[in-house]
2 protein chains.
Amino acid sequence: MTTITDIALALGITPSTVSRALAGNPRVKEQTRLAVEKKAAEMGYERNIVASNLRKGRSNIVGIVVPRVRREFFANFIGGAEDVLARAGYNVIICQSHENLDDEIKALKALKNYRAAGVIISHSIESQDGGHIRDIMGNLPIVQFDRVFPDLPGAKVVGANCDGAYQATKHLIEKGYKRIGTIAGYMSCMAFVERLAGYRMALEDAGLRYDGSLVYPESILYESGKESARKAIADGCDALYCCGDYAALGAMDAAREAGLSIPDDFGIVGTADEFWAAIMTPSLSSLGQHPFDMGQAAARAFLDGRTGTEVIPMELHARQSSNKH
Amino acid sequence: MTTITDIALALGITPSTVSRALAGNPRVKEQTRLAVEKKAAEMGYERNIVASNLRKGRSNIVGIVVPRVRREFFANFIGGAEDVLARAGYNVIICQSHENLDDEIKALKALKNYRAAGVIISHSIESQDGGHIRDIMGNLPIVQFDRVFPDLPGAKVVGANCDGAYQATKHLIEKGYKRIGTIAGYMSCMAFVERLAGYRMALEDAGLRYDGSLVYPESILYESGKESARKAIADGCDALYCCGDYAALGAMDAAREAGLSIPDDFGIVGTADEFWAAIMTPSLSSLGQHPFDMGQAAARAFLDGRTGTEVIPMELHARQSSNKH
DNA sequence: CACAAATATACAAACGTTTGCAGGATTCTC
DNA sequence: GAGAATCCTGCAAACGTTTGTATATTTGTG
């Protein structure tokens, strides 16, 4: 592997000049810069990024910390972020917290240790606040997305959760459902808290009473969605706004098992607009997020050093599962 | 940030001893090792991994190069690989080739530059052979998966493509379909070549003639699947084995648009067993891969320095789309 | 032509670790 | 108790960059 010293030797100059030349430092003469660049190309030089990182005390690595890569939302987010970060010369290290505080801390420490240029994170369900993030990362740029701690400074990219849930709930009301519950997700996440607020607002704006007993703040996995839906049916609900499509799917199955027909006896709206929502039968109405766009937005927020909160719109895709006649 | 020099100073010893102590080198006395460990913990020391990597000339980074993270198969694979690599103390850098040779080369160079400990790769569709991989990575461990170049040495993890396609085709034959085509995928990938071989073998074992004109070696995306299926229908096929579920979905839509009923007029089997295959209507028969397991297997192959080819079984999930009466 | 100002390069230290070699201390053997 | 063998630790160089400061070179001004 050729080093700047090799180039310097070949040209009869010093490594420092080579370094500056390659960095485009205006202190080196045009002529020598060209000579250096030519020689470097000739010798197949590639900057040793590890040495560079050590000396500079920071790397061109951006860490992305998510609960799980396998989840479609996060995979798409990563896709979007990687696209714009790679174009800007950054490399992306992926860390999974597995919804687990310890793993999250471990990941953040590893990133700190790599002198990552910044971290893009959606915190685990176990994390109660952003203290550990701030403690570990110090004043490194942090971009939070989807699940964000408002107290933590730095950029944030979130879906229009409140507005989206409002739309979804309003849609159910307009379709004529009378007793609408919600599978609300864990209240430790802002995203879910906001959706609940949107749900409530829609009810109240329509002159309906908000009833806390129709809020099922469980996980949004298939099984717990099904379980919550059973309770909702027992509680007399005729519709559910679900904060996740898998929970919505569970709710569908619960309704069917209870002998209810969808959408006439029971209406359902999910969230995320997974690919399959449109192709199943009955097709599932769902509130679409834009994970890929969010990833791009988060990456750009990092690159530009922006610091506010960016809200990515969500739109309702009304389909059969909520189309009461 | 405390360094080994700080610890050495605090204990009145030298950095080299501290380094050795922390590395568990048997050349340092038990007693001093304990003292060092205590002090290190006390001072909140964490090894500067960048410096360590520079000195050692290699890092604990493993690169995973895939066409796209957003694809379920790859996202799940990465999930599996990350799980076992993280447990072994490695960090994972994700690179996307976007099915593009240039990006793949760029990614490999970046990984080489980071002195990655190894690379796990599924090559882009544009890559014709493994020459560039070998050229760039030199003798670094390379694990290939799914799409592999047989000429490239090193470990390989693949699905049982031939066997799987055989099962799928045999299933269609046994269900009574008479003229079975295949949406075969690009022939630049081993995986697809093997599946085609399995398809052919199943036909011939059943005494049916293999007809090259019923092989549609196009991409396996939805649109091209639909297009290929239109041709297949025009060619008189009554069933298709599709090398991807999205292509299978396209085929379904093409059949429906042609007024054929599934499964009675037209049978379809897909590949990958995406989540939605089971819940759509009619449900899609599909050949299940195990991307998460493959990820784990690939990571273990890397860790153990294994070098053979590991074959992960595929199983057929027979559902409505191929259930001719 | 002398002196100042500007320009271009060289020198050397630093980033924090690892590691071959050497040397000091301890233990062992006869 | 002398010598060898063993055990620990220290010294110093190295990994390849980057960068503050100093020096050398060129240019400009009166």
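Quick note: numbers below take in every heavy atom, side chains included, and nothing from hydrogens, waters or symmetry partners. Proteins come first, then strands; the chains are lettered A, B, ... in the order of their sequence lines, and each starts at number 1. The model shown is predicted, which means the values in this text are computed figures rather than measured ones.
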>> Test: side chain to side chain donor-acceptor pair (under 3.5 Å). Region: residues 7-23 of chain A. Which pairs qualify, not counting sequence neighbours?
In response: A:Thr14-A:Ser16, A:Thr14-A:Thr17
Grab the [atom1]-[atom2] distance between [X] and [N] for me, whole Å please.
| X | N | atom1 | atom2 | result |
| --- | --- | --- | --- | --- |
| A:Ile13 | D:dA24 | CD1 | C1' | 15 Å |
| B:Lys29 | D:dT6 | NZ | P | 19 Å |
| B:Gln31 | D:dC7 | CD | P | 16 Å |

>> I'd like to check the side chain to side chain contact (heavy atoms under 4.5 Å, CB included) partners of A:Ala40; sequence neighbours left out, ordered by chain and number.
In response: A:Ile7, A:Leu22, A:Tyr45
> With sequence neighbours left out, what residues match B:Lys109 under side chain to side chain contact (heavy atoms under 4.5 Å, CB included)?
Replying inline: A:Glu46, B:Ile105, B:Ile136
> Looking only at side chains, do A:Glu104 and A:Ser127 share a donor and an acceptor under 3.5 Å apart?
Replying inline: yes
>> Regarding B:Asn53 and B:Arg115, do their side chains bring together a donor and an acceptor under 3.5 Å, going by distance alone?
In response: no
> Quick one: are the ring centres of A:Phe77 and A:Phe292 less than 6.0 Å apart?
Replying inline: no
>> Considering every strand and a 4.0 Å limit on heavy-atom distances, what is the contact class for A:Ser16: base, sugar-phosphate, or nothing?
In response: base
> Is A:Thr3 touching bases, backbone alone, or none of the nucleic acid, heavy atoms closer than 4.0 Å?
Replying inline: sugar-phosphate
>> Going 5' to 3' along DNA chain C, between which two nucleotides do contacts with chain B fall, using a heavy-atom cut-off of 4.0 Å?
In response: C:dG16 to C:dC21
> Bend angle of the helix from C:dC1-D:dG30 to C:dC30-D:dG1 from five-pair axes at both ends, rounded to 10°?
Replying inline: 40°
> Tell me the salt bridge (Lys or Arg N to Asp or Glu O under 4.0 Å) pairs involving residues 122-151 of chain A, sequence neighbours left out?
Replying inline: A:Glu99-A:Arg147
>> Quick check: on DNA chain D, is the nucleotide nearest B:Thr17 upstream (toward 5') of the one nearest B:Arg55, or the reverse? Name the residue that is more 5'.
In response: B:Thr17
> Per the atom types in the model, does the base of D:dT9 pair as donor or acceptor with the side chain of B:Arg20 at under 3.5 Å?
Replying inline: no
> Counting only heavy atoms not in A:Arg58, do more than 12 sit closer than 6.0 Å to its CZ atom?
Replying inline: no
